[in-house]
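In what follows, a single structure is set out as structure tokens and then discussed.
In what follows, every chain begins at residue 1, and chains take the letters A, B, ... in the order their sequences are listed. Atoms considered below: every heavy atom in the structure, side chains included; atoms not considered: hydrogens, waters and symmetry mates.
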2 protein chains.
Amino acid sequence: MNTVFKALNDPTRREILQLLQERDMTAGEIVEQFTISGPSISHHLDLLKQANLVIAEKEGQYVYYSLNTTVVDEILKWFMQFKPKKK
Amino acid sequence: MNTVFKALNDPTRREILQLLQERDMTAGEIVEQFTISGPSISHHLDLLKQANLVIAEKEGQYVYYSLNTTVVDEILKWFMQFKPKKK
DNA sequence: TTAATATTTAGATATTTGTCTAAATATATA
DNA sequence: TATATATTTAGACAAATATCTAAATATTAA
């Protein structure tokens with residue numbers, strides 16, 4: 001959970017997740033969506049990868065990033081503990 | 001969402017939320033559950049308050065903290081956007 | 001093989017964050 | 001009123017973080 005919350009605690013990284021929710025993208029395509037440098041985005045992608053929120057797959061000289069939706073369920077489960085008990 | 005994720009990005013603060021899920025507690029009672037100093041806990045409580053995750057109510061010389069569960073729904077909704085679309 | 005393109009790694013730097021102690025504030029009690 | 005208790009505020013400091021530029025690595029194309 002620690003790496004997940006760390007990864008989510010940045011607006012750029014949350015935007016990246018939202019982009020990938022639409023479609024898979026290469027690192028370069030993601031960089032184009034922002035004004036910050038390539039290396040910075042690369043670092044953000046690394047943190048998202050560490051948190052298992054995204055998956056990276058190399059295809060030739062490109063690296064395709066996609067959302068790893070299975071982790072979302074874990075997060076949802078974590079938050080459900082705070083939903084007030086029924087009745 | 002920014003303040004929420006900031007607040008959640010710390011193990012102590014997440015533990016505080018879990019404690020408050022059990023029952024409301026005074027600042028002092030919360031401090032007792034940890035080895036870190038009172039002022040540090042007070043700071044954590046402030047961040048949780050800023051994120052609307054907890055509510056503080058003064059009663060005499062004590063301050064009672066309780067979970068604000070309404071925000072949980074907002075967070076859950078935010079995460080639902082990443083659930084893969086049906087079909 | 002050489003040059004171009006895509007991406008990551010390394011290292012530097014300014015900002016943010018978590019923690020502490022000391023002091024301030026507020027309330028209750030003797 | 002003076003003292004004790006509960007909590008927060010202020011200020012300092014070390015560690016973590018987001019960003020940058022320059023360099024390294026990998027792949028494709030000429």
Side-chain angles (χ1 to χ4, degrees), chain A residues 1-20 22-68 71 75 78, chain B residues 1-20 22-68 71 75 78:
Chain A
M1 270 299 140
N2 223 322
T3 53
V4 172
F5 284 115
K6 174 175 298 193
L8 291 170
N9 186 32
D10 181 273
T12 301
R13 288 195 290 271
R14 292 197 298 274
E15 265 193 71
I16 291 172
L17 292 178
Q18 287 173 320
L19 286 172
L20 294 179
E22 297 295 332
R23 64 178 182 84
D24 298 358
M25 293 174 93
T26 67
E29 286 174 325
I30 295 169
V31 169
E32 283 172 18
Q33 304 299 312
F34 298 89
T35 53
I36 65 185
S37 72
S40 292
I41 294 292
S42 185
H43 175 240
H44 286 309
L45 289 170
D46 186 46
L47 292 179
L48 288 170
K49 210 163 44 183
Q50 280 176 42
N52 267 300
L53 284 162
V54 304
I55 294 162
E57 273 175 303
K58 183 145 198 175
E59 272 185 39
Q61 68 193 137
Y62 299 94
V63 176
Y64 274 89
Y65 282 88
S66 60
L67 214 57
N68 183 1
V71 187
I75 303 169
W78 190 86
Chain B
M1 270 299 137
N2 222 321
T3 52
V4 172
F5 284 115
K6 175 174 297 192
L8 292 170
N9 187 31
D10 180 272
T12 301
R13 290 194 291 270
R14 293 197 299 272
E15 264 192 74
I16 291 173
L17 292 178
Q18 286 173 323
L19 287 172
L20 295 178
E22 298 296 334
R23 64 178 183 85
D24 297 358
M25 294 175 92
T26 68
E29 285 174 325
I30 296 169
V31 169
E32 283 172 16
Q33 304 298 313
F34 297 90
T35 52
I36 65 186
S37 73
S40 294
I41 294 292
S42 184
H43 177 238
H44 285 310
L45 289 170
D46 186 47
L47 293 179
L48 289 169
K49 211 163 43 182
Q50 280 177 42
N52 267 298
L53 285 162
V54 304
I55 294 162
E57 273 176 304
K58 183 144 195 174
E59 272 186 39
Q61 67 193 138
Y62 300 94
V63 177
Y64 275 89
Y65 282 89
S66 60
L67 214 56
N68 183 1
V71 186
I75 303 168
W78 190 86

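Non-hydrogen atoms lying under 4.0 Å from DNA chain C are contributed by B/Lys58, B/Gly60, B/Gln61, all within residues 54-65 of chain B. For the segment residues 24-46 of chain B, the set of residues with a heavy atom within less than 4.0 Å of an atom of DNA chain C comprises B/Ile36, B/Ser37, B/Pro39, B/Ser40, B/His43, B/His44, in numerical order. Interface residues of residues 1-10 of chain B facing DNA chain C, ordered by number: B/Lys6, B/Asn9, B/Asp10; criterion, heavy-atom separation under 4.0 Å.
For A/Arg13 (side chain) and A/Leu8 (main-chain N/O), no donor-acceptor pair under 3.5 Å exists by modelled atom type. Listed for the A/Asn68 side chain is a donor-acceptor partner under 3.5 Å among the backbone atoms of A/Asn52.
The shortest distance between side-chain heavy atoms of A/Glu29 and A/Tyr62 does not fall below 4.5 Å.
The residue from A/Ile16, A/Val63, A/Val54, A/Thr12 that alone fulfils the side-chain contact (heavy atoms from CB on, under 4.5 Å) condition with A/Ile30 is A/Ile16.
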Audit row: A/Met25, A/Gln33, side chain to side chain contact (heavy atoms under 4.5 Å, CB included) steps and yes/no: CA-CA 11 Å; A/Met25 293 174 93; A/Gln33 304 299 312; 4.0 Å; yes
Side chain to side chain contact (heavy atoms under 4.5 Å, CB included) between B/Gln50 and B/Lys6, worked out: CA-CA 10 Å; B/Gln50 280 177 42; B/Lys6 175 174 297 192; over 6 Å; no
Stepwise side chain to side chain contact (heavy atoms under 4.5 Å, CB included) test for B/Glu57 and B/Asp24: CA-CA 10 Å; B/Glu57 273 176 304; B/Asp24 297 358; over 6 Å; no
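In terms of heavy-atom proximity, A/Val31 sits nearest to A/Gly38 at CG2-CA, 3.9 Å. Residues A/Ala7 and A/Leu53 come closest through the heavy atom pair CB-CD1, 3.8 Å. Closest approach of A/Leu20 and A/Tyr65 over heavy atoms only: CD2-O, 3.4 Å.
Between B/Ile16 atom CD1 and C/dG18 atom P there is a gap of 11 Å when expressed in whole angstrom units.
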